[in-house]
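Input: a single structure, listed below in structure tokens.
Every value quoted in this text rests on a predicted model; they were computed, and no experiment measured them.
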Amino acid sequence: LKAVQMILAPQRPALSVTSRNVASRISRPPRLDTVRLQSGSAPAVGIGLVSVLELRRRQGRRNWPRHPLWGDLPGSTLRGGIGKDNDIVKANPEGERVPEKSAPQTTIFVVVFLHLLGFTMAGPILPALRDHFSLDAAQTGLMTSAFPLGAFAAAFIFPILSDLVGRKAMLVASYTGVGCGLLLQSVAIAYNWSFETYLALRVASGTFAGATSVVKAYIADTSDQETLPRLLAYRDAAGTMSFIVGPTLGGLLFHFTGLSFVVAFTGVVSVIAGLMVAAILKTPKVRQGGSSADGGGTAMGKECPLINPWIAVVTTLAVSFSYAFGHAFFGSFFPVLCAERFGIQPEVLGPMLTTISCLVFVNSTFVYGRLVQLIGMVTCAMLGLISVALALTLTGGALSFKVAAFSAMFYAFGVPIFAPAVPTILTRCAPQEKRGFILGIDSAVVSVARILAPVIMGVVYETSPVRSFRLAGLVMLVGAGILAAQQATLRKSMAR
């Protein structure tokens, strides 16, 4: 402020300016004939304006006078700005201050990355776990399904409890609980406990895995409807970043340390994510009484512009099941196929999975937004399902490692352009105080798919790997067909 005063009225003696008399001093404009811009004034003007904005932010809702030369200052009642308790406000033509949601904290994306990092590190060591317990393909499916089995109840209960006790508390419980369970699994591996004991620990760890839907609800609570799809895509990008780092890190740690150390490391990372939520993340305010923070109505029909919004919800849940079924099978048996058919070791498989995740991250960050603007979210979702189905079909019939790697490119394209569609449609069709409930149903549906896919398809894989991959692709094509049949209804649900 002092720099601005010296620039605009250089003849005046320099005076100390305090936060208490800024409004009175700045309301007296300098005479236009005395205004002189000195050399190097641009940086000083920038510093002065930043000071004005910061002081305005700290002073809350004080009404600044309209300056006859400069007009309304940033943050005045006619221009919007930072309101009481640092709430972001915007102005309407009548000059009223209207609360506006701020973007979610960056911390939420960091903890998503850390939490999923532990899971992605386990990808390259899946063949090693199979050798450690001497498992066949069906038992490998049981090991993969054990965690989703425990998560079935958590995926439904945790989001509902987050509607009642808050998103932050449930995130802390989920991340720390899963981390402690992973640490116990590492102990089971280190001391050669039985496979049945290891399965029980995986199920117990899964009972705390209810964070996914709570994170989506948190993002929906702290963002508006226009930015919600983009922020959910950022959440997917944060998860994809863990798929970029995790497989390579897991493979390298396995090579230099051992199996139990890798599992223990995943548990430590998950506990760190829980501690970060407890220490840094702010609790979003959920408005009770049926009012949505977006200014929507109290009922689902008013939030979602449909006569019966449950049509869109049920359709989306069915499609979500088909996607989760194929996705879970690919994640469980793609590493196994590469190891058995092509002899790929964890040290090589890790960087390969990392390469796929890099492509997913690029598509999620740079391609998805442009594609949605070009063809729409519903069409993007259909295209994503078809692309992943094609990847499954080609991978099952691959006779060389190069063909399998090429098939995975379709997977890397399809996953990021489908994933944001389900939470976006569901959160738009639900009031804020019911988002956890609706997303909890979706998580339960996904858990069922993640339980059934490895078990059922593991039996099929034992008899014919080619047939199992093609059957998983067919399930995803059924989901694409459901989207095509109900695309008009879903497009109405996306309209604002």
Side-chain angles (χ1 to χ4, degrees), residues 118-151 181-206 243 246-267 327-354 356 392 395-396 398 401 404 408 450-469 472:
F119 292 97
T120 57
M121 289 176 61
I125 66 173
L126 184 59
L129 283 171
R130 184 178 180 180
D131 293 338
H132 177 81
F133 292 106
S134 301
L135 307 177
D136 56 26
Q139 290 176 315
T140 303
L142 285 175
M143 181 176 62
T144 308
S145 299
F147 189 88
L149 178 63
L182 289 170
L183 291 174
L184 289 176
Q185 291 176 44
S186 70
V187 174
I189 295 172
Y191 290 93
N192 295 316
W193 293 355
S194 65
F195 176 64
E196 291 74 15
T197 304
Y198 180 77
L199 279 182
L201 289 175
R202 284 188 62 82
V203 174
S205 301
F243 279 88
T248 299
L249 181 60
L252 292 176
L253 286 178
F254 174 77
H255 178 73
F256 290 105
T257 58
L259 188 59
S260 61
F261 181 86
V262 176
V263 179
F265 186 85
T266 62
H327 189 267
F329 173 76
F330 186 91
S332 299
F333 286 93
F334 181 78
V336 175
L337 179 72
C338 292
E340 291 183 349
R341 185 179 293 183
F342 309 117
I344 304 301
Q345 298 300 314
E347 296 83 11
V348 179
L349 185 60
M352 177 187 174
L353 296 177
T354 298
I356 297 174
L392 286 166
T395 301
F401 179 69
R450 292 175 60 192
I451 294 169
L452 294 179
V455 175
I456 297 176
M457 304 309 294
V459 176
V460 180
Y461 181 92
E462 191 71 23
T463 59
S464 175
V466 176
R467 186 180 303 170
S468 64
F469 274 85

- prompt: Would the number of heavy atoms belonging to other residues, nucleotides or ligands and lying under 6.0 Å from CZ of R467 be above 12?
  reply: no

If you measure from [atom1] on [X] to [atom2] on [Y], what distance do you get to the nearest 0.5 Å?
X	Y	atom1	atom2	value
E340	Y461	CD	OH	4.0 Å
Q185	L199	CD	CG	9.5 Å
F133	N192	CZ	CG	8.0 Å

Which heavy atom of [X] sits nearest to which heavy atom of [Y], and what is that distance?
X	Y	value
T395	F330	OG1-CE1, 4.3 Å
T257	V262	OG1-CG2, 4.3 Å
P127	P335	CG-O, 4.5 Å
L182	S205	N-OG, 3.8 Å
P465	L337	CB-CD1, 4.4 Å
F342	A404	CE1-CB, 3.9 Å

[X] versus [Y]: any side-chain heavy-atom pair under 4.5 Å?
X	Y	result
I125	L253	no
R341	V336	no
L142	L135	no
F329	I456	no
F261	F256	no
F265	L249	yes
F254	L259	yes

